[in-house]
Q: 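Okay, here's the structure, questions in a sec.
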Amino acid sequence: MSAPTDEAAQAVEAAVFRRLVEHLDENKAVQNIDLMNLAGFCRNCLSKWYVAAAEERGLTVDYEAARERVYGMPYGEWKSRYQAEASPEQRAAFDKQRP
């Protein structure tokens, strides 16, 4: 088996991104603050990385459009349907990580 070409590697990476977004969509109970506390990134980070990657390639992607891509719906709708209030423990863990 040979090493993938750059084009093939990019296709694999794109498939992994789609699977990650799908996995997050299937696990809406996992809150962004949980992701931040455990992994140091969240759905909003993915949205920002999406915008940055587009800009690096000379493309313009609106942040809200990127969020909709990651959340599978407008962010405001996702937030009202699935985002829970962070517990004091979650907030404390988050604050502890920030300088």
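We use all heavy atoms of the structure for the numbers below, so side chains are in, but hydrogens, waters and symmetry mates are not. Computed from a prediction, not measured in an experiment: that's the story for all the values here. Counting from 1, the numbers follow the sequence of the chain as shown.
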Q: Let me confirm one number: the CG-SG distance from Leu35 to Cys42, rounded to the nearest 0.5 Å.
A: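 With rounding to 0.5 Å, CG (Leu35) is 7.0 Å from SG (Cys42).
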Q: Indicate, with yes or no, if Leu38 and Leu24 share a hydrophobic cluster defined by side-chain heavy-atom contacts under 4.5 Å among Ile, Leu, Val, Met, Phe, Trp and Tyr.
A: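 No, separate clusters.
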Q: Pairs of donor and acceptor atoms involving the side chains of residues 44-53, under 3.5 Å and at least two apart or interchain, shall be tabulated with distances.
A:
residue, atom, partner, partner atom, Å
Asn44, OD1, Arg67, NE, 3.1
Asn44, OD1, Arg67, NH2, 3.2
Asn44, OD1, Tyr71, OH, 2.9
Ser47, OG, Arg43, O, 3.1

Q: Are Leu20 and Val61 connected in a single hydrophobic cluster, I mean Ile/Leu/Val/Met/Phe/Trp/Tyr linked by side-chain heavy atoms less than 4.5 Å apart?
A: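 Per the 4.5 Å side-chain linkage, Val61 and Leu20 are co-clustered.
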Q: Taking all non-hydrogen atoms of both residues, which atom of Val21 and which atom of Val70 are closest, and how far apart?
A: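 Smallest interatomic distance, heavy atoms only, reads CG1-O, 3.4 Å.
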Q: Is it true that Arg18 and Glu22 have a side-chain N and a carboxylate O under 4.0 angstrom from each other?
A: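 No.
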Q: Scan side-chain atoms only and decide if Gln90 and Asp34 contain a donor-acceptor pair under the 3.5 Å cut-off.
A: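 Judged by distance alone, the side chains do pair up.
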Q: Can you tell me if Asp95 has over 12 outside heavy atoms packed within less than 6.0 Å of its CG?
A: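 Atom CG in Asp95 is crowded, with more than 12 foreign heavy atoms closer than 6.0 Å.
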Q: Should the heavy atoms of other residues, nucleotides or ligands under 6.0 Å from NZ of Lys28 be counted, would the total exceed 12?
A: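 Result for NZ/Lys28: enclosed.
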Q: Can you tell me how the ring of Trp78 sits relative to the ring of Tyr75, calling it parallel under 30°, perpendicular over 60° and tilted otherwise?
A: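 Ring orientation of Trp78 relative to Tyr75: parallel.
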Q: Rounded to the nearest 0.5 Å, what separates atom CG in Asp62 from atom CZ in Arg69?
A: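 Answer for the CG-CZ pair, Asp62 versus Arg69, is 15.0 Å.
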Q: Strictly distance-based, threshold 3.5 Å: is any side-chain N or O of Asn27 a donor or acceptor partner for the main-chain N or O of Val30?
A: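 Not confirmed, Asn27 side chain does not pair with Val30 backbone.
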Q: Answer yes or no: is there a side-chain heavy-atom contact under 4.5 Å between Glu68 and Tyr63?
A: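 Side chain of Glu68 against side chain of Tyr63, heavy atoms only: no contact under 4.5 Å found.
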Q: Salt-bridge test for Glu85 and Arg91: reply yes if a basic N is under 4.0 Å from a carboxylate O, no otherwise.
A: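 Judged by the 4.0 Å cut-off on N to carboxylate O distance, Glu85 and Arg91 do form a salt bridge.
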Q: Which residues end up grouped with Met36 if you chain together Ile, Leu, Val, Met, Phe, Trp and Tyr wherever their side-chain heavy atoms are less than 4.5 Å apart?
A: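 Via sub-4.5 Å side-chain contacts, Met36 links to Ile33, Phe94.
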Q: Within a 6.0 Å radius of atom CD on Glu7, are there more than 12 heavy atoms belonging to other residues, nucleotides or ligands?
A: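 No, CD of Glu7 has 12 or fewer neighbouring heavy atoms, counting only those of other groups under 6.0 Å.
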